[in-house]
Amino acid sequence: MAQPKIISKKRYFPVLIIICLGIFFSVFLFLFVRNRDLEHIRDRYKVFAGDRINSIEREIAHNIDILSSLSLLYENSEHVTRKEFNNFYNKIKTKQNAIKALEWIPRIDNSDRDKYEKAAKNDGYPDFQITRRKTQGNMVRVDEKSEYFPVYYVEPYKNNEPALGYDLSTDPVRFQALKKSRDSGLMTATLPITLVQERDIQSGFLAFLPIYKSRTQLFTAQKRRENLKGFVLGVFRIKELLETALTDLQIKGVDILLYDTTILTDKKHIYTHYSRLRTNIGQAQKEINDENNRSLRVSHTINVADRNWLIECKSNPEFAAAKMTFAPYFALFIVLLFTGMLSAYLINAIGKSAKVEWLAYDLSSEIAERKKAEKELKDYRGHLEELVKKRTEDLEDSEKVLHQISCKILSSQEDERKRISRELHDGVGQALSSLKLNLQMIEQKINKNEPIKSILISDAINGLSYSIDELRNTAMALRPSFFENMELYEILVWYGNKIQNISGIKLNINIQDSTKVSSRVKDHLFRIYQESLNNIQKHAGASNVWITVIANDKVLKLNIMDNGIGFKHSEESSNKLKGDSFSCPGLGLSTMRERAVLLGGSFNINSLYGTGTTVAVEIPLTKINIEEYS
């Protein structure tokens with residue numbers, strides 16, 4: 001019910017202003033307090049992220065420094081034995097969980113290969129040989145080449161057995177870092193790789209530090225190559241580096257991502273450390289990869305053995321949720337509560353003053369509603385009368401259509417009787433009359449004891465044979481007796497060949513399924529097929545006809561296409577049963593369409609004058625249509 005005109009909307013204008021101002025100030029206060037909370041969270045997050053970045057940087061530097069200490073052992077000794085190498089590792093192994101292995105990589109000329117292999121076997125490694133990796137965990141002997149860079153010492157030996165003897169120059173990534181370290185004289189790390197000694201896929205990296213025969217005259221890359229003794233090598237697991245660095249830090253809801261940014265145009269992801277607050281790693285991966293994710297981020301680049309690593313710390317929802325306070329919501333609630341109470345008081349005051357006016361308005365509204373209802377009832381009565389009149393006209397039209405269908409059935413029956421009568425009279429009747437004359441002549445000859453010419457008997461026999469053939473053709477045209485024992489596709493092929501032999505039109509028959517259907521479906525589809533081919537033979541002037549039958553679990557499709565002259569459509573030809581006339585139109589296309597409808601299917605014909613005609617029939621394969629003995 002609309003508001004009465006006597007109650008002005010201006011009365012509620014102050015209430016609307018108070019509500020708008022209250023909402024505005026509540027939202028403003030909420031955002032102000034919330035932003036202060038977020039600033040505080042961001043400041044705290046920078047501290048948390050900085051702690052993690054510093055811890056990771058210290059852990060990496062501490063592990064990398066082990067290689068520098070190991071290099072001093074080689075620089076201060078002409079020959080470091082396996083025992084000395086082992087003693088060095090035993091001193092530092094309890095402190096370095098992230099080091100997978102420490103290795104000595106000598107440079108070996110091809111002429112010294114056998115000497116080094118024999119020396120390793122004498123040191124207690126009878127199976128030692130210089131190898132390369134064929135597949136992960138499968139090592140084979142390296143073919144001969146000018147020089148080798150095998151893992152000659154490795155500590156610890158346990159769990160690193162596959163690495164012993166592995167020639168690093170057989171791997172492009174390792175060899176590239178090795179050459180860079182050799183030529184620069186600096187410690188050099190590889191990109192993240194799968195370690196030889198790992199049985200599963202786990203990211204790690206190698207750090208090379210070159211050892212030269214003499215520290216003098218190493219000003220050029222060529223001099224460094226000539227004086228190279230080998231490399232001390234550290235094998236590091238990236239995961240364990242981060243886990244060790246973060247072990248003593250409290251859980252704060254921070255995800256850490258490592259990237260290699262040495263090549264500015266190729267930012268390569270190294271590793272992701274998920275916060276220990278994470279319970280769903282799949283959801284965490286989606287959040288991290290989401291470009292629209294507004295998590296807090298702190299980034300810092302560190303140098304790791306001549307490579308640039310970007311450490312990026314991202315907060316997860318648990319971090320912000322743990323640090324947010326209820327102050328913004330409390331401020332929002334207080335202002336909204338005050339606004340609501342003040343608005344309710346004003347609305348109540350306005351309502352009381354307008355109560356009398358509303359009572360008067362209700363009375364006038366009730367009168368208006370009754371008048372409106374009376375008018376709607378009158379209009380509805382007129383609408384019902386129109387519906388009754390329309391339904392009566394539809395019933396009369398339906399009776400006319402039924403009359404036309406009955407007329408077509410009677411006309412079809414009468415035409416069929418005329419056709420059969422004409423065929424019997426013109427064909428069988430004349431043949432039997434001729435046979436009768438021949439028999440009478442034979443009878444006269446017999447009565448007169450005259451010799452009977454063989455031509456008379458031959459004519460009689462030919463006439464009898466012709467009569468029999470005519471009767472068979474007539475019966476065949478009505479319904480061939482062998483149809484009951486034939487499938488639909490066999491009937492279509494049989495009749496198609498018959499038309500092709502009679503008319504000379506080339507029929508291309510493509511049956512892609514031999515689904516069994518009921519006799520009812522066979523009869524109606526054959527008559528549609530028969531009528532279509534007869535029309536093509538009589539009227540189309542076609543030289544080729546393409547027939548396709550396709551069936552699946554739900555529908556059977558019959559398409560008949562010719563290259564004849566086609567015909568023009570008209571409204572009358574597509575809807576012959578409509579109209580006021582009680583005449584019986586020709587059967588042709590209407591009968592074909594009715595046969596398809598009787599099977600629950602559809603019949604469509606597409607033709608343009610001069611371009612041929614296509615007849616398409618679709619029949620649903622319901623239980624009734626596929627039942628064999630329905």
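Hydrogens, waters and symmetry mates are skipped; everything else that's a heavy atom, side chains included, is used.
- Partners of R182 by salt bridge (Lys or Arg N to Asp or Glu O under 4.0 Å), not counting sequence neighbours: none found.
- Taking the six-membered ring where tryptophan is involved, the planes of Y74 and F85 are perpendicular, since the angle between them exceeds 60° and thus also 30°.
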With a 3.5 Å cut-off and sequence neighbours excluded, list the donor-acceptor pairs that the side chains of residues 118-129 form with protein atoms.
residue : atom : partner : partner atom : Å
N122    : ND2  : K118    : O            : 3.2
D123    : OD2  : R82     : NE           : 2.8
Q129    : OE1  : R141    : NH1          : 3.4

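- Evaluation of the salt bridge (Lys or Arg N to Asp or Glu O under 4.0 Å) rule for K180 yields D306 as partners, not counting sequence neighbours.
- Partners of K179 under the salt bridge (Lys or Arg N to Asp or Glu O under 4.0 Å) rule, at least two apart in sequence or in another chain, do not exist in this structure.
- Residues passing the side-chain contact (heavy atoms from CB on, under 4.5 Å) test with E144, sequence neighbours excluded: N110, R113, Y148.
- In this structure, the side chain to side chain donor-acceptor pair (under 3.5 Å) partners of D171, at least two apart in sequence or on a different chain, are R174.
- Considering only residues two or more places apart in sequence or on other chains, S169 meets the side chain to side chain donor-acceptor pair (under 3.5 Å) condition with K145, D167.
- For residues 15-38, the ring pair (Phe, Tyr, Trp, His ring centres under 6.0 Å) pairs, not counting sequence neighbours, are F30-Y329.
- Residues that satisfy the ring pair (Phe, Tyr, Trp, His ring centres under 6.0 Å) test with H269, not counting sequence neighbours, are Y259.
- Scored by the salt bridge (Lys or Arg N to Asp or Glu O under 4.0 Å) test, E147 finds R107 as partners (sequence neighbours excluded).
- Taking 4.0 Å as the cut-off between side-chain N and carboxylate O, E39 and R42 count as a salt-bridged pair.
- Across all non-hydrogen atoms, the minimal contact from S71 to V232 is CB-CG2, 4.2 Å.
- With sequence neighbours excluded, no residue forms a side chain to side chain donor-acceptor pair (under 3.5 Å) with E78.
- Salt bridge present: R225 and D183 bring a charged side-chain N and a carboxylate O closer than 4.0 Å.
- For S299, the side-chain contact (heavy atoms from CB on, under 4.5 Å) partners two or more places apart in sequence, or in a different chain, are L310, E312.
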